[in-house]
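Here's the structure we're looking at; comments come further down.
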Number of protein chains: 2
Amino acid sequence: MTQPSLRARKRQRARDEIIEAAYRLFAERGYDEVTVADIAERAEVGRTTFFRYFGDKQEVVFAGEQDWLDDLAAHHRNLRGDGPPGLSEALAQVRELTLALCARATLDPGRHVLRERLIADHPELGDRTARKQRRFAETMAEILREHGASAETAALAPQLALACYTAGRAVAGDDPAALTPSVAAAFDRLGLLPPTA
Amino acid sequence: MTQPSLRARKRQRARDEIIEAAYRLFAERGYDEVTVADIAERAEVGRTTFFRYFGDKQEVVFAGEQDWLDDLAAHHRNLRGDGPPGLSEALAQVRELTLALCARATLDPGRHVLRERLIADHPELGDRTARKQRRFAETMAEILREHGASAETAALAPQLALACYTAGRAVAGDDPAALTPSVAAAFDRLGLLPPTA
DNA sequence: TTCCAATTGGTACTCGGTACCATAAGGGAC
DNA sequence: GTCCCTTATGGTACCGAGTACCAATTGGAA
């Protein structure tokens, strides 16, 4: 395997150092008490450079997560069943993706817990989380439509998945290990709804 | 009925004029091209005063909506069935509230359409919408718990309602009249999910 | 009228975010 | 190696959102 170019490596290192510096400072002082200038100084880059790597201060909190979504979406684009999916089939598909996403959270538990705490304490970070989720839902909807699902199904199934995810997250609190089972349980309860609820 | 005090009337008038000025300017120039100073000048108040009535620039876009939620929540606190609600009963209750909320959107169609356009064009306003929805869900969850629902049911039912709302909104586009039927249809499909989906 | 509380608008400040510019450094062609 | 082009960097200067503070005005009640 060929090494990435020196440029690319430097770039990656700078990015990682900014994230590292940011999380350390957030852990020490809290989100509001850390300025972008502080992060840049700790990471030994200019303030301008910070904004070249991250569109805004919030983005550094969620660094990397967008990649997960894109990965998952790309991976899922190839998985198709037979014929256009109805709501049940669509739900089963987004369920898979959602649970895969939950599993990622346990990869770096320490950072996960800190991030959950930051989000809980700062409404604007919760807002930003919601933006990511919207994007996830839209991507899923797009894929479902490509697979022949109706507009209604494509819109509803991903939103239901998000509902199960959010509800599961609320039940699990910030315990990374509890996340996946809680979300799975929510999906299960969805399947047990009696007709004409 | 006694008239509210002169102070209260002036206060209400100032607030209304700020909202009016803001919406007019947003319609003319778009959200980004209007500064808080512009709004304040048009409304003939000081910039400082703007921030006394609205916590930030985004808040003026959603002025009044929070009142709806509080109203509805208060109203719903008194509606109780017999015994602790299961998921189906909880879902039926939040369904009522959600549809009532949709109906409000048709009260001022012009402003509704403009607001939807602003939200669609500006991600940060979409984020803020999500914040309101989170708060709605949390309030509903609280009420459900008061009525004896389990933590899981209380967390899941409001999120499912939000899912139906969001999906319905996506299908309806910015047509106020289409909103309620679309959302209702989403709820209906939820009741038709076969067991062990 | 007098006094208190509420409201106002101005000034000055911090911080997030952007535009612009001169400089440095990587990477390829020769 | 050296030339040249592209990319990345950091600094300066600017704008707008949001906050703290203060002096002046105004509503309301004694």
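This is a predicted model, so every value here is computed, not measured.
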Practice item. Tell me, please, whether A:Y53 has A:R11 positioned over its six-membered ring: NZ or CZ under 6.0 Å from the ring centre and within 45 degrees of its axis? Key: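 Yes, A:R11 and A:Y53 form such a contact.
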
OP1 or OP2 of [N] versus the side-chain N and O atoms of [X]: is any pair under 4.0 Å?
| X | N | answer |
| --- | --- | --- |
| B:S5 | D:dG28 | yes |
| A:K10 | C:dG26 | yes |
| A:T48 | D:dT9 | no |
| B:T49 | C:dG9 | yes |

Please state how far atom [atom1] in [X] lies from atom [atom2] in [N], giving the value in whole angstrom units.
| X | N | atom1 | atom2 | value |
| --- | --- | --- | --- | --- |
| B:R9 | D:dG27 | CZ | C1' | 11 Å |
| B:F50 | C:dT8 | CZ | C1' | 16 Å |
| A:Q12 | C:dG26 | CD | C1' | 17 Å |
| A:D38 | C:dT14 | CG | P | 14 Å |
| B:E124 | C:dG16 | CD | C1' | 13 Å |
| B:Y53 | D:dT19 | OH | C1' | 18 Å |
| A:D56 | D:dA17 | CG | P | 16 Å |
| A:F51 | D:dC15 | CZ | C1' | 14 Å |

Check your understanding: Which part of the nucleic acid, if any, lies within contact of B:R52, taking any heavy atom under 4.0 Å across all strands shown: a base, the sugar-phosphate backbone alone, or nothing?
Key -> base

Check your understanding: Got A:M140 and A:I143 here, is their nearest side-chain heavy-atom distance under 4.5 Å?
Key ->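 Answer yes - side chains close enough.
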
**Study point:** Pairing of A:K132 and A:D127 as salt bridge, 4.0 angstrom limit
**Key:** no

Check your understanding: Would you call B:R131 and A:E124 a salt bridge, using N to O less than 4.0 angstrom?
Key -> no

Practice item. Classify the side-chain pair A:T153/B:R189 by whether it contains a donor and acceptor separated by less than 3.5 Å. Key: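 A pair is found: one side chain offers a donor N or O, the other an acceptor, under 3.5 Å apart.
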
Check your understanding: C:dG17 base to A:R47 side chain: any donor-acceptor pair below 3.5 Å?
Key -> yes

Review point. Looking at the side chain of B:L6, which of D:dG18, C:dG17, D:dG27 is the nearest nucleotide?
Key: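 Out of D:dG18, C:dG17, D:dG27, the nucleotide with an atom closest to B:L6's side chain is D:dG27.
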
Check your understanding: Of all the nucleotides listed (C:dG16, D:dA17, C:dG27), which has the minimum atom distance to the side chain of A:R7?
Key ->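 Within the option list, the nearest is C:dG27.
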
Practice item. With DNA chain D as reference, determine whether A:G46 or B:V34 sits nearer its 5' end, using the nearest nucleotide of each. Key: A:G46

